[in-house]
Amino acid sequence: MAIIRVALDVPLDCLFDYVSEETSSTDIGLRVRVPFGKREAIGIILDVCAATQITADKLKPIHQLYREIPPLPHDLIELYRFCNRYYHHPIGQVVMNSLPALLRKTRSVTCKPDGVLLWKLTSIGQTVGIDTIPARSKTKRELLRLLQQNRQTTAAFLGEITPHTRKLLRELVASGWAEETVVSRGQQTTTVTTAPAATAEQAEAIAAMTAMANQFTPWLLQGVTGSGKTEVYLQVAATILAQQKQVLILVPEINLTPQLEAIFRQRFPASPLISLHSGVTDNERLQGWCQAQHQQTGIVLGTRLAIFTPFANLGLIVIDEEQDSSFKQQDGLRYSARDLAIYRAKQLDIPIILGSATPSLESYYHAINGHYKHLRLRTRAASQARLPAIRCIDLRIVKAQEGLTEPVLNALRETTAQNLQSLVFINRRGYAPVLLCKSCRWTATCTRCSSRLVFHLPARQLRCHYCGYQQSVPSACPQCGDQDILPFGHGTQRIESALINHLPDARIMRVDRDSIRRKHAWQAILTTIQQKKVDILVGTQLLAKGHDFPNLALVCIINPDASLYSADFRAEEQLFTQLMQVAGRAGRAETPGTVLIQTEFPHHPIYQALMRQDYDHYAQQMLKDRQAMNFPPFAYQAALRAEAPVIQDALAFLGKASAASQNRHSKQIQLFDPVPAPMMRLNGMERAQLLVQADSRKSLQHFLTDWQPHLVALPTGSKLRWHLDIDPISL
DNA sequence: AGCACGCCGACT
DNA sequence: GTCGGCGTGCTC
């Protein structure tokens, strides 16, 4: 008769004890169904012990123990405990929210067969000449060719699984040419298709990393756009896979997975690969989860949530675009997948590669300090490819019409005439960000948020980009009745229509969240671009990240200055990263690139650094500023945020919270005054925050651990909600 | 978070 | 007289 301690999805930082007859300490990590108050809940066993503090009258027996999948591995449970301690988030919510949705339901689940399904040719199949297949059976020929080239392949490698390919594979089996075999875990061959020759820099990085492939080593791989970081990931992954270990690759966005997935499948035909992100179905996610845990997959590719995947034998973690803010979860458990990845790598004693053209200042600082090993790729991989020429257009001298200057228009005309592609980058959706009454200066604002409503032309609507509220455009000013209300400023739609006026013959396409809303639209757009069916792209940051556009020669950046006024000390760093990324889109293959930036501040250090494409110099300057102002990475922060229908309540709560800390707050801890959030009103709630800063992680953690019980004890009205954000990245 | 209990205002 | 508002308290 054992006491089991169970993590349940409730906002209380404790485990719940139950009696279970059939349980031993090897069952830690199993799923249980338990009575909880008047209801039932699903939980995970985190501990098994002989005694409990809970009185016998309260202690209940469990309802069911699920053994259909093996217990969660010990290292994952340790990760949960770390998240609980470090992010000060209730343990049960840490555990339950990291699980695939199907494991949170009171239902048994089934996982696919134990073993990896691989296709291979029979001895007869190996001797069959491709010519014996009728030429019109193109797909069948292709399947046979792929199978002959590779000893064993996954079904996914043989192409998209359509009813057609399934039928053809069955035909091959019927002819006795091919067979599907079940290979038990750890027995896969790691066929590798031919890799391109590495550049000297790549080879050096690969050699350094493979030499330390079996121990915790954090690598910062700092490579300019187009320098071939992916090739380095691939070749290091090959080494790890050959040791029968698994590889986890984290990417910032779901949009970037299909491309990388294709590259990895192509290179490792016999290594099963799964994708884990918010776009996969609940069942796929569960199957992927189980496969990783059973080592039925070699490669897991996913967004931040994939950091919670259980692995049988993880050997390498790669974080691509490590500076990207999407790695930080912005609600619930506010974890940084990058920081958790470092924790996991350390815990498992395996290498981790942080890849970026423009590392976060935190990672860069670790690299120049020697905490991380620093590797650089300074040149572009395609031998002809050079870095683009970057030039500023001074908006104080050259006036813009409809947001566009003459030099930009000329460059677009020239590039189009040369049959090359251009990108006009403007990080604002819609037609115009402001709708203004000329006589009384009224502007359209959101009722639920402290934001301006953005004018969208095709629908003739005003939309809030924060809460989604929309309304039709008023015909007269609601304040003074004047009919002279005009759109101000420029969004993608307005720039698009201006371009249509100025370059009537060019094929222009707008790419932003509005234009890719339709399912599969994103893939269709990428294809259109790759097939050169478009001359000028007008787009937001969607186009800035990750994708290769070999024919893109010109990038025009319309008005990036706004971030320079931001109160957030990270805004400038993020602008620099974004502009480097966008600029890097230009001139990837044989085409040399040009970048034009329309700005009012051409002499601002950010543009100067950008023109020289000197990340290092700029990063070092920013680090000096951060040090002078005692900001991260030289200080450690936590934000206590509160939201309530009226700001006074939120501020009052933070005031009480601050007072509750006074008696135990040491010299190493600095509490700032509660302030309204920069975007004070959001979705009908008013938000405020209180920043806590410390000179070491340790003292911050000590303080927070002391503080938290006081916070929990503070009275909150029913409509007030609060949370702690550790290492916040936006204010 | 749920879900109960409990104590005060406007309705068949 | 009760239906229902949300404040408070508990869940092993």
Side-chain angles (χ1 to χ4, degrees), chain A residues 1-25 27-66 71-72 77 80-81 83-84 87-107 305 308 329-335 640-646 648-650 652-653 656-657 660 683-687 708-725:
Chain A
M1 176 104 118
I3 302 294
I4 62 168
R5 314 207 65 213
V6 180
L8 296 174
D9 187 9
V10 285
L12 299 169
D13 193 19
C14 62
L15 296 173
F16 292 85
D17 297 358
Y18 290 88
V19 189
S20 171
E21 320 245 321
E22 40 184 340
T23 314
S24 75
S25 65
D27 294 330
I28 290 176
L30 279 182
R31 232 156 52 98
V32 279
R33 185 162 56 86
V34 294
F36 189 64
K38 299 276 167 183
R39 60 209 159 103
E40 243 189 359
I42 283 285
I44 299 287
I45 304 177
L46 290 202
D47 207 355
V48 176
C49 43
T52 172
Q53 314 270 40
I54 302 299
T55 54
D57 57 316
K58 282 187 176 173
L59 204 60
K60 295 178 189 170
I62 66 166
H63 282 169
Q64 192 182 357
L65 187 65
Y66 294 92
L72 298 177
I77 291 176
Y80 293 149
R81 289 227 145 92
C83 288
N84 169 233
Y87 292 109
H88 301 267
H89 196 72
I91 179 71
Q93 295 195 316
V94 169
V95 175
M96 297 315 286
N97 291 309
S98 82
L99 297 179
L102 291 177
L103 292 181
R104 286 148 59 181
K105 297 205 174 127
T106 56
R107 199 149 37 91
L305 60 83
F308 291 105
Q329 174 106 43
Q330 294 292 14
D331 55 63
L333 172 63
R334 299 169 120 84
Y335 64 95
L640 176 65
R641 302 207 186 89
E643 59 175 52
V646 289
Q648 288 79 6
D649 290 352
F653 172 84
K656 280 182 279 179
N683 246 310
M685 291 293 255
E686 299 193 331
R687 310 168 314 145
Q708 201 182 16
H710 296 272
L711 295 177
V712 173
L714 282 177
T716 66
S718 63
K719 284 172 205 119
L720 186 136
R721 299 166 50 80
W722 63 270
H723 69 261
L724 272 173
D725 188 353

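Here the structure is a predicted model, which means the values were calculated and not measured. Chain naming here is simple, since letters A, B, ... match the order of the sequence lines and numbering starts at 1 in each.
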Handout entry: Below 4.0 Å: OP1/OP2 of B:dA4 and any side-chain N or O of A:K38
Key =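 No, outside the criterion.
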Can you check the [X] [atom1] to [N] [atom2] distance for me, whole Å?
X	N	atom1	atom2	value
A:D17	C:dT11	CG	C1'	12 Å
A:R104	B:dA1	CZ	P	15 Å
A:K60	C:dC10	NZ	C1'	11 Å
A:F36	C:dC10	CZ	P	13 Å
A:K719	C:dC6	NZ	P	6 Å
A:L59	C:dT11	CG	C1'	13 Å
A:D47	C:dC12	CG	C1'	14 Å
A:I42	C:dT11	CD1	P	21 Å

Practice task
On the 0 to 90° scale, with breaks at 30° and 60°, tag the A:F308-A:Y335 ring pair as parallel, tilted or perpendicular.
Solution key: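 Correct class here is perpendicular.
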Handout entry: Note, A:Y66 side chain near A:T106 side chain (heavy atom, < 4.5 Å)
Key = yes
Problem - Heavy-atom check, side chain of A:L65 versus side chain of A:I45, under 4.5 Å - result: yes
Exercise for the section: Taking only the side-chain heavy atoms of A:R721 (C-beta and beyond), determine which of B:dA4, B:dA1, C:dC12 contains the nearest atom. Expected result: B:dA1
Fill in the blank from the handout: With the side chain defined as heavy atoms from C-beta on, A:L12 is closest, among C:dT11, B:dC3, C:dC12, to C:dT11
Practice task
Mind checking A:Y18 for me? I need base, sugar-phosphate or nothing, with any heavy atom below 4.0 Å counting as a touch.
Solution key: sugar-phosphate
Exercise for the section: Describe the nucleic acid contact of A:I54 in one word from base, sugar-phosphate, nothing, applying a heavy-atom distance below 4.0 Å. Expected result: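 Result for A:I54 = base.
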Exercise for the section: Over all heavy atoms of both residues, which pair between A:L720 and A:A644 is shortest? Give the atoms and the distance, please. Expected result: CD1-CB, 4.1 Å
